[in-house]
Amino acid sequence: MFEPVRGQPDFPALEASIAAWWRERGTYQQSLERRRGAQRFVFFEGPPTANGMPHPGHCLTRTIKDLYPRYRTMRGQYCERKAGWDTHGLPVEVEVCKELGIHSKAEIEAYGVEPFIHKCQESVWRYMKEWETLTERIGFWIDLSKAYVTYHQSFVESVWWALAELFDKGLLYQGHKIVWWWAQGGTALSSGEVGQGYKEVADPSVFVAFPLLDAAGAPMNRSLVAWTTTPWTLPSNQFAAVKADLDYVVLREAGISEGPEYIVAEPLSAGLAEKLKKEFEIIERFPGSALVGRSYQPPFDTFRTPGRPEAAALVAGGSDAIAWRVVAADFVTTDSGTGIVHIAPAFGEVDYTVLVAEQARFAPGKGPTLINAVAPDGTFTDVFGMGSGRFVKECDRDITRDLRARGLLVHQEQYVHDYPFCWRADNDPLIQYPRQSWFIRTSQFREQMLANNARIDWLPEHIKDGRFGNFLESNVDWALSRERYWGTPLPIWVCEETGQAEAVRSYADLLAKPGMQGADVFTKAKAANPDLSDDLRVHKPYIDAVTYDSPFAKASRMRRVTEVIDCWFDSGAMPFAQWGWPHQGHAEFDAQFPADFISEAIDQTRGWFYSQLAISTLLFGDGGRPYPHPFKTCIVLGHMLGEDGQKMSKSKRNYREPAEIFDKFGADALRWFFLAGQAPWTSIRYSERAIKESIPEFLLRLWNVYSFFLIYARIDGFDPGAVLEEPGMLEHTDLARARGWRPVAARGELDRWMLSELNAVAAAMTVKMDAYDHFGAAHQLSTLVDAVSNWFVRRSRDRFWAAGKADGGPETNQEKLDAYWTLYETLITIAKLAAPFVPFTTEAIWRNLAGSSFGGKVAESVHLTDFPTGDAALVDHDLVRRMAVVRDVSSLGRAARAAEKLKVRQPLQKVEVILAEPRADDAAWLISHADLVCDELNVKQFEVCADPDRYITRQVLPDLKKLGPKLGKDLPKARDALAKADAAALLHALTVHGRAEVSLPGGGTAVVDKDDVLVRTTAKPGWAAAESGRAVVVIAKDLTPELIAEGLVREVVHVIQTQRKALDLDFTDRIELVFATESADLRTALEQHRHYIESETLAASVHFGTPPAGAEPHDIDGHPLAISITKS
RNA sequence: GCGCGCGUAGCUCAGUUGGUUAGAGCGCUACCCUGAUAAGGUAGAGGUCCCAAGUUCGAAUCUUGGCGCGCGCACCA
């Protein structure tokens, strides 16, 4: 027997008990066990950072990540779900620094790298509990106990293997490049990290005069005007660049013959004049090429000795000034500035290329060397005394002031632009800085990455060629190394003497190196502190202590480089590193690569999506592994925004903690909100109201049907377990074995209709879910539940309330039993269909409907059943269509009434329907359902109209979709012709001949087939009618005295029922009624229908007279009535 | 600046390869039900489909150009 349930379920409490039960029963493990050996569905968990709090956005990701594996498992696939945690990197270090109250690298070193690393490792798990709680609470089934962790030795060693592969192939190299440099943190950042830190800021924008030098090396009155937004780079100026084929002009303030002369690009001269609010005259004009080679005086003599420029020999013969000379460069544009570009090779990528090109012109060793007045910590060195020891950006003001004092500042203003800051310390501006750094040659694999990408199924599709494709197109080499502490150490050991390097693939390889020393540093530390994690042996500082004999030079040692790597490489390596492959885990890797499905939010395009694709393409691209890898399908989720449509942020408090949502509304409500609310890639606005509303919209509606079923099943003794010995999976064929079960064909029409809808929806949902369209599938499901609740249950009430039992005993009412079986099968099937979406609620329903009745004979969890794919044999398409017509007719009838202000309580004589597409059998079918329609619409009589022309006009319309291609430009004419034609004659011709000829206005004819036209039926004015595409419904609005009387009575009954409720009467309580009215009509009506009133209101007696004082006066359609109600 | 996405009812969003009367949920109004009941149901009102031009017999849908919002990119010296 089923357990009773509350009508008002407490979903959060229900979910908590289900979650506990899953844990206790190991239901997830069971679901895997059931599919062992089946075709795999491979899922990769993109590792969340274990060092931050989860927010509602993570709930979305985790819901999607749960949905498809659950679905595929129910569909028969084996889907292991291995959790993972991202544990390395800057976020962790920054957090630890905050805790220690320190910021700079020097402070970390002073604190000690060893204790710092320990702190990092401890800090990683700070929010672990929150994450695990969230994961379980939202119903994300994933194996947390076997989670991969990026700092674990096995993971690190896999990454080492990957890096060694790249190194051996020459794809991992050290380069001297201009990188985005986080000075306070002392490390370079990858383009991905830089991209996350752009902020709009106002920087000083200065126009600076670079006086040209005369032959003697003395500054002239004529200056180049250069523009920069980074004044602090001026002390390191090395060249000035112009565009050779661009026109330059010499400007002088009008009317001041001795005034200073400024050289700027001609197209920008007017702009400069405007800024300076001065009138200039052009005193000379020449192409940029005329300036090339000229020497100038740099703004600061940081690196220069004043006087005649120092020159050196060129490769091509002759000589040239080494620096502070005008060069030609193509990248000079007239978009902004002056057309003269200040070149400081230390602080700009293009600037650096100028230096490299210049160096090539000079004899080896004679050319310009890089000049740089800034130390790695972002402060000026002593060579620039004015700013020595101060952070460069803080010196902008002093530099500008100094330039002005020396008459070199032409103009100054504020310039608003986006500038990168450190993504983890967002008050630290990044600077471009020359640095030795390790790079992966990803740009060499651009084509392969694009080819791989082309085979991936992206959802939404535009990611492929849009955002992600573009990102790949503009690929630059991956700046891999970080001069930091908490990360995977770069496994490269360098010969002290020769500088030659080699990569190490595993810790064991390292220990086996000849002359290995230093491994004992960790052993000793461990002995002193037994709690020390063994995984730290492959981390700084311990790993740095390990050295070995150089194979490159005798008596020389190999020492590890100091860097760790970008933590994005860790996560990108997870497809193999999660198994420790290739050092171990071969079977797992072979079976679990590539992934069928991954999903993360859009911000991972440049993050995890890219790091995975890049690493996989570089490592496995040539290995004959067919693209795509390492993932085949990727759902890119939109970002979740706060309540105000802005980015979620803790400081704005525009969202709630997930735990709060779960406690208030429950996980299923949130899941349904995510899955059914919008396409997953639209950016979704956090809305407490919307989450709340997702409960009545789906969960509560389903629950109400379920609860309705339970109430009556218990009353009538319907218990499948008592009549079915082998329940199997409670599929249709299983239920067929039950005693008292009748084949669907033998059941009533409503039952056949319900099962048709059920199976049609199951089939449609399967198609959609296979195509990763859960949004569409959820819509189907929602419509189905609506059909059960609002049509099947409503129209079946009579059967459930009819006399007799449903227990298979002698009192059994077979039609009632049919209704139970139909509703039971429907609910059981819906539980399965909805299980991947709302796993908790469906589990509760399953455990009662299946578990309570069958005990251990049936799967104990809905998640251990097969997903219903729909039985086509049970779908009666004609019936589905016709039932839709009945529902439509009912709606139209109500609409017609509403238009005439004839409330449903007022009975009417007749309703007539005209079908737009007259199919003889549909009409007959409809007529046979007259009772149903009469009941729904409260009318006495229902007919399919015999004389439609009385009420409606028919119009023959072209089916544009079909005729358009046929007729082309003649279409409008044909449409006019059809509109003017005699519809009846036309229809006749079409019916008889299957085609008709219409003459077009302006000559010519067109032949239309029966299938080329549609018939629109329109109600004639003057009738109480409503129309849809399917039918016109006309109601008789004339009221007879009898009908009016009935209407009055129903009105009175309604008033009494409302009173009963107001009096808080139980629905079994009987009452005494006393009426008093001065209206003879009303009194007559009431007396006439006394019996009806008694039965409807459970009145033991009805009297007319003087009701006791306090009886409420009512107005019944204009008739006064006082009613007294007393409990018998 | 370049790129991607979005712009549809008061709100949140659907809208399939261009096709006739552009939909849903919520909210609102009216009504119904009162044996699922602090629920449930039905109907109605509400739309310059951001603007403009173009392609087409026909555009919410395709093209181009604007405007607005979000995001991404980065030689902005």
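Convention: sequence-line order gives letters A, B, ...; per-chain numbering from 1.
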| said: Is it the case that the side chains of A:Ser236 and A:Thr233 hold a donor-acceptor pair, with the cut-off being a distance below 3.5 Å and no angle test? | reply: no
| message | The criterion is salt bridge (charged side-chain N to carboxylate O under 4.0 Å, His left out); which residues satisfy it with A:Lys903, sequence neighbours excluded? | response | A:Glu1051, A:Asp1117
| request: Counting Watson-Crick and G-U wobble pairs only, both distances under 3.5 Å, name the nucleotide matched with B:C4, or none. | output: B:G70
| Ring centroid separation A:Phe2 to A:Phe709 under 6.0 Å | yes
| said: My understanding is that a pair needs two contacts under 3.5 Å, Watson-Crick or G-U wobble. By that rule, which nucleotide pairs with B:U12? | reply: B:A24
| query | For A:Lys464 and B:G72, what is the distance between atoms NZ and P respectively, to the nearest whole Å? | reply | 23 Å
Tabulate atom names and distances for all N/O pairs under 3.5 angstrom spanning the protein and nucleotides 12-14 of chain B.
| unit_1 | atom_1 | unit_2 | atom_2 | d |
| --- | --- | --- | --- | --- |
| B:U12 | OP1 | A:Arg685 | NH1 | 3.1 |

| field | Whole-Å P distance, B:A60 and B:G23 | value | 13 Å
| After noting the C-alpha distance and the side-chain angles of A:Leu823 and A:Val705, does the key distance pass the side-chain contact (heavy atoms from CB on, under 4.5 Å) rule? | CA-CA 9 Å; A:Leu823 187 52; A:Val705 176; 4.0 Å; yes
| message | If I take atom NZ in residue A:Lys903 and atom C1' in nucleotide B:C31, what distance separates them, rounded to the nearest angstrom? | response | 9 Å
| said: Give me the distance, rounded to whole Å, that separates B:G18 from B:A24 when you measure between the C1' atoms they each carry. | reply: 23 Å
| note | From CG of A:Leu710 across to P of B:U37 the rounded distance in Å is 12 Å
| Under 4.0 Å: is that the gap between some side-chain N or O of A:His1054 and OP1 or OP2 of B:C33? | yes
| query | Do any side-chain nitrogens or oxygens of A:Thr228 fall under 4.0 Å of OP1 or OP2 in B:A77? | reply | no
| task | Using Watson-Crick or G-U wobble geometry with both distances below 3.5 Å, tell me the partner of B:A39, or none. | result | none
| task | Assign each of A:Phe347 and A:His779 to its nearest nucleotide of RNA chain B by heavy atoms, then name whichever residue's nucleotide is nearer the 5' end. | result | A:His779
| message | Output the rounded distance in Å from CD (A:Gln238) to C1' (B:A77). | response | 15 Å
| field | Interatomic spacing from OG1 in A:Thr230 to CD in A:Gln432 - rounded to 0.5 Å | value | 9.5 Å
| request: Quick one: pull up CD1 in A:Ile830 and CG in A:Leu849 and give me the separation to the nearest 0.5 Å. | output: 11.0 Å
| Can you tell me how far C1' of B:C26 sits from CD1 of A:Ile695, to the nearest Å? | 14 Å
| Taking only N and O in the side chain of A:Tyr712, is any of them less than 4.0 Å away from OP1 or OP2 of B:A36? | yes
| message | Please report whether the ring centroid of A:Phe800 lies less than 6.0 Å from that of A:Tyr820. | response | yes
| Distance between the C1' atoms of B:G35 and B:C26, in whole angstroms? | 29 Å
| request: Between B:G70 and B:U64, how far apart are the C1' atoms? Round to whole Å, please. | output: 23 Å
| said: Going by purine N1 to pyrimidine N3 plus the second Watson-Crick contact, or the G-U wobble pair, all under 3.5 Å, which nucleotide sits opposite B:U34? | reply: none
| request: Round to the nearest Å and state the distance from A:Leu823 atom CG to B:A36 atom C1'. | output: 11 Å
| field | Nearest-Å distance for atom pair CZ/C1', residues A:Arg797 and B:U37 | value | 10 Å
| request: Only counting residues at least two apart or in another chain, list the ones meeting side-chain contact (heavy atoms from CB on, under 4.5 Å) with A:Asp396. | output: A:Pro204, A:Pro231, A:Trp232
| task | Apply salt bridge (charged side-chain N to carboxylate O under 4.0 Å, His left out) to A:Asp888 and list each qualifying residue two or more places apart in sequence or on a separate chain. | result | A:Arg1030
| request: Going 5' to 3' through nucleotides 40-47 of chain B, assign each nucleotide B (protein heavy atom under 4.0 Å from a base atom), S (under 4.0 Å only from sugar-phosphate atoms) or - (no protein heavy atom that close). | output: SSSS----
| task | Both distances under 3.5 Å, Watson-Crick or G-U wobble: report the partner of B:G18, or none. | result | none
| said: Tell me if the aromatic rings of A:Phe471 and A:Tyr610 count as close, with their centers under 6.0 Å from one another. | reply: yes
| request: Using the C1' atom on both, measure B:A14 against B:A9 and round to a whole Å. | output: 13 Å
| message | Work out how far the P atom of B:G47 is from that of B:C11, and round it to whole angstrom. | response | 12 Å
| said: Can a donor-acceptor pair be found, under 3.5 Å and without considering hydrogens, that links the side chain of A:Arg467 to the backbone of A:Ile463? | reply: no
Output one line per pair: protein atom, nucleotide atom from nucleotides 2-6 of chain B, and distance, for all N/O pairs under 3.5 Å.
| unit_1 | atom_1 | unit_2 | atom_2 | d |
| --- | --- | --- | --- | --- |
| B:G3 | O2' | A:Asn470 | ND2 | 2.5 |
| B:C4 | O2 | A:Arg467 | NH2 | 3.0 |

| Nearest-Å distance, CH2 (A:Trp180) to P (B:C76)? | 6 Å
| request: Choose from B:A36, B:C33, B:G35 the nucleotide whose nearest atom is closest to any side-chain atom of A:Arg1050. | output: B:C33
| query | Between A:Phe609 and A:Trp458, does the ring centre distance come in under 6.0 Å? | reply | yes
| query | What integer number of Å spans the C1' atoms of B:U55 and B:C62? | reply | 8 Å
| Rounded to the nearest 0.5 Å, how far does CG of A:Asn453 lie from CZ of A:Phe468? | 5.5 Å
| B:U17 and B:C75: how far apart are their C1' atoms, nearest whole angstrom? | 43 Å
| message | For a side-chain hydrogen bond (donor to acceptor under 3.5 Å, both in side chains) check, start with the C-alpha distance between A:Asp477 and A:Ser443, then their side-chain angles and the critical distance, and finish with the verdict. | response | CA-CA 5 Å; A:Asp477 282 355; A:Ser443 59; 2.6 Å; yes
| task | Determine which nucleotide pairs with B:G54, using a 3.5 Å limit on both distances of a Watson-Crick or G-U wobble pair. | result | B:C62
